[in-house]
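Just the heavy atoms: all of them, side chains too, but no hydrogens, waters or symmetry mates, feed the values below. For ligands, and for the atoms within them, numbers begin at 1 and follow the listed sequence.
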Amino acid sequence: MTDPVVQGNDCGVPVGLIAVCGAGTGLGVSVARRFGREGYRVALVARREQQINDFAETLTAEGIEAAAFPADLRDTATVPALVAAITDRWGRIDVVEYAPITTELFTPAAELTAAGLAPLISLYLYTPVELVRAVLPGMLERGDGAILVGHGATAAQPIPFRSGVGPAMAAARNYLGSLHGELADKGIHVGTLTIAALIAGSAGHRMLTSGEVETGMDLSRIPTVDPGDLADQLWTMTGKRDQFEHFCPQR
Ligand SMILES: NC(=O)c1ccc[n+]([C@@H]2O[C@H](COP(=O)([O-])OP(=O)(O)OC[C@H]3O[C@@H](n4cnc5c(N)ncnc54)[C@H](OP(=O)(O)O)[C@@H]3O)[C@@H](O)[C@H]2O)c1
């Protein structure tokens with residue numbers, strides 16, 4: 001693939017469609033804006049309909065074609081209807097960016113239960129698997145596309161007392177690594193961005209720095225990043241397609 005569809009133009013014609021799955025005030029809206037600036041239409045997916053409607057309105061005012069598609073991504077069965085709603089409106093999905101996160105706290109591994117883990121496995125493994133199944137035939141037909149997944153540090157590095165999302169994201173990381181190897185020579189890029197930093201403007205950042213919640217974490221040791229810089233990194237990954245896994249801060 002010498003000229004992937006992800007390259008923008010300045011003709012006012014949409015160059016593609018990105019589905020931002022897990023669109024919040026941190027990374028999600030920044031990715032929407034970054035790809036939107038390059039000429040992408042943006043489908044914003046999250047549970048809070050009012051918030052993603054507001055994002056869509058803001059982006060539209062900035063000249064970006066955006067719309068809200070409310071969905072609970074823990075409910076894997078909702079994927080076909082979600083993908084159909086997006087494609088019925090705009091046609092094919094060229095890029096899936098998947099990075100939903102809540103402000104729920106970590107769970108110590110010793111306190112983890114299967115029942116507690118189940119919704120996390122749905123959110124971080126089963127739903128991405130089904131999303132890929134839904135968009136892959138179209139991407140294979142075109143010989144182009146990108147699947148970008150955001151993870152927290154515990155996806156790649158187990159940390160005592162910070163379990164819960166980690167095992168679920170680690171399973172997804174394993175799956176995505178295999179997928180990357182299977183699709184790279186078919187023009188489809190699968191990449192992860194593992195973020196070991198607080199994202200400025202995110203609900204998680206606000207919660208942790210508010211002082212209202214006791215986490216036991218030494219926040220002075222965790223860097224803060226600008227979500228715009230992470231969105232730039234995801235944009236660059238989409239164009240360059242050079243490696244499966246990127247880290248912030250860089251390793
Ligand atoms: N925030 C941080 O400081 C931080 C630190 C390290 C790593 N990360 C990683 O960075 C990425 C982006 O984080 P962010 O905090 O910047 O994200 P964000 O874009 O600010 O917010 C993510 C959004 O995901 C949505 N979401 C959560 N559960 C969902 C569900 N079941 N179905 C649909 N949507 C759901 C939430 O909206 P609704 O509640 O409306 O559904 C939330 O607003 C994630 O991969 C995260 O693991 C973040």
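What sits closest to atom 1 (N) of ligand 1 on the protein, heavy atoms only, is S202 OG, 2.9 Å. Closest to atom 13 (O) of ligand 1 among all protein heavy atoms lies I101 CG2, 3.4 Å. Shortest contact from atom 6 (C) of ligand 1 to any protein heavy atom: A197 O, 3.1 Å. Protein heavy atom in closest approach to atom 20 (O) of ligand 1: G26 N, 2.6 Å. In terms of protein heavy atoms, atom 44 (C) of ligand 1 is closest to A99 O, 3.6 Å. The shortest contact between atom 29 (C) of ligand 1 and any protein heavy atom is with R47 NE, 3.5 Å.
Listed by number with element, the atoms of ligand 1 under 4.0 Å from a non-hydrogen atom of H151 are 9 (C), 45 (O), 47 (O). Near G150, meaning under 4.0 Å from one of its heavy atoms, ligand 1 places the atoms 45 (O). If you number the atoms of ligand 1 from 1 as listed, the ones under 4.0 Å from a heavy atom of A71 come out as 32 (N), 33 (C). Ligand-side atoms of ligand 1 in range of G22: 19 (O), 22 (C), 23 (C), 24 (O), 25 (C), range being under 4.0 angstrom from any heavy atom. Of all the atoms in ligand 1, the ones that sit under 4.0 Å from a non-hydrogen atom of D72 are 30 (C), 31 (N), 32 (N). Of all atoms in ligand 1, numbered sequentially from 1 with element shown, those under 4.0 Å from a heavy atom of G152 are 7 (C), 47 (O). If you number the atoms of ligand 1 from 1 as listed, the ones under 4.0 Å from a heavy atom of T25 come out as 20 (O). Those atoms of ligand 1 with a heavy atom of M169 less than 4.0 angstrom away are 47 (O).
Checked against a 3.5 angstrom limit, the closest N/O atoms of P100 and ligand 1 fall outside it. Considering backbone and side-chain atoms alike, T102 places every N or O at 3.5 Å or more from each N or O of ligand 1. For ligand 1, the polar-atom distance check against I199 finds a nitrogen or oxygen pair separated by under 3.5 Å. For ligand 1, the polar-atom distance check finds no N/O of A46 at less than 3.5 Å from any of the ligand's N/O atoms. Of the polar atoms of G24, at least one N or O is found under 3.5 Å from an N or O of ligand 1, judged by distance alone. Ligand 1 has no nitrogen or oxygen under 3.5 angstrom from a nitrogen or oxygen of V45. Close N/O approach between H205 and ligand 1 is not found [any backbone or side-chain N/O within under 3.5 Å]. At under 3.5 Å, not a single nitrogen or oxygen of I195, backbone or side chain, sits near a nitrogen or oxygen of ligand 1. Looking at G28 next to ligand 1, an N or O pair under 3.5 Å apart turns up.
Taking both residues in full, the closest heavy atoms of V83 and A134 are given as CG2-CB, 3.8 Å, listed atom of the first, atom of the second, then distance. Summarising the geometry of T103 relative to G204, their closest heavy-atom pair is CG2-N, 3.8 Å, with the distance given to 0.1 Å. A pairwise comparison of heavy atoms in F244 and V190 identifies CD1-O, 3.5 Å as the closest pair.
A distance of 11.0 Å separates OG1 of T192 from CE of M169, quoted to the nearest 0.5 Å. Atom CE of M217 is separated from atom CD1 of I159 by 7.5 Å, given to the nearest 0.5 angstrom. In this structure, SG in C21 is found 6.5 Å from CG in L82, a value given to the nearest 0.5 Å. One distance of note links OG1 of T78 with CD of E130; it measures 12.0 Å at 0.5 Å rounding.
At a heavy-atom cutoff of 4.0 Å, ligand 1 is contacted by no atom of A203, backbone or side chain. When non-hydrogen atoms are compared, ligand 1 lies under 4.0 Å from neither the backbone nor the side chain of V29.
Between R142 and D144 there is no salt bridge, since no side-chain N of the basic residue sits under 4.0 Å from a carboxylate O of the acidic one.
In this structure, P227 falls outside the shell of residues with a heavy atom less than 4.0 angstrom from ligand 1. Every heavy atom of S30 sits 4.0 Å or more from the atoms of ligand 1.
Proximity of V31 to L148: side-chain heavy atoms (C-beta onward) are nowhere separated by under 4.5 Å.
With 3.5 Å as the limit, one finds no donor-acceptor pair spanning the side chains of D229 and Q233.
A side-chain donor-acceptor contact under 3.5 Å links R206 to the backbone of G201. A donor-acceptor pair under 3.5 Å is absent between the side-chain atoms of T127 and the main chain of L123, judged by distance alone. A distance-only check finds a donor-acceptor pair linking the side chain of R241 to the backbone of G187 [under 3.5 Å]. Between the side chain of H189 and the backbone N or O of T238, no donor-acceptor pair lies under 3.5 Å. R89 places no side-chain N or O within 3.5 Å of a backbone atom of I86 that could act as its donor or acceptor partner. Between the side chain of Y124 and the backbone N or O of P100, at least one donor-acceptor pair lies under 3.5 Å.
Considering each of L208, L27, V165, I52, the one bringing a non-hydrogen atom nearest atom 16 (O) of ligand 1 is L27. For atom 32 (N) of ligand 1, the nearest non-hydrogen atom from the set T224, L73, L44 belongs to L73.
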Step-by-step side-chain contact (heavy atoms from CB on, under 4.5 Å) determination, Q51 to T25:
CA-CA 9 Å; Q51 175 156 291; T25 55; 4.3 Å; yes
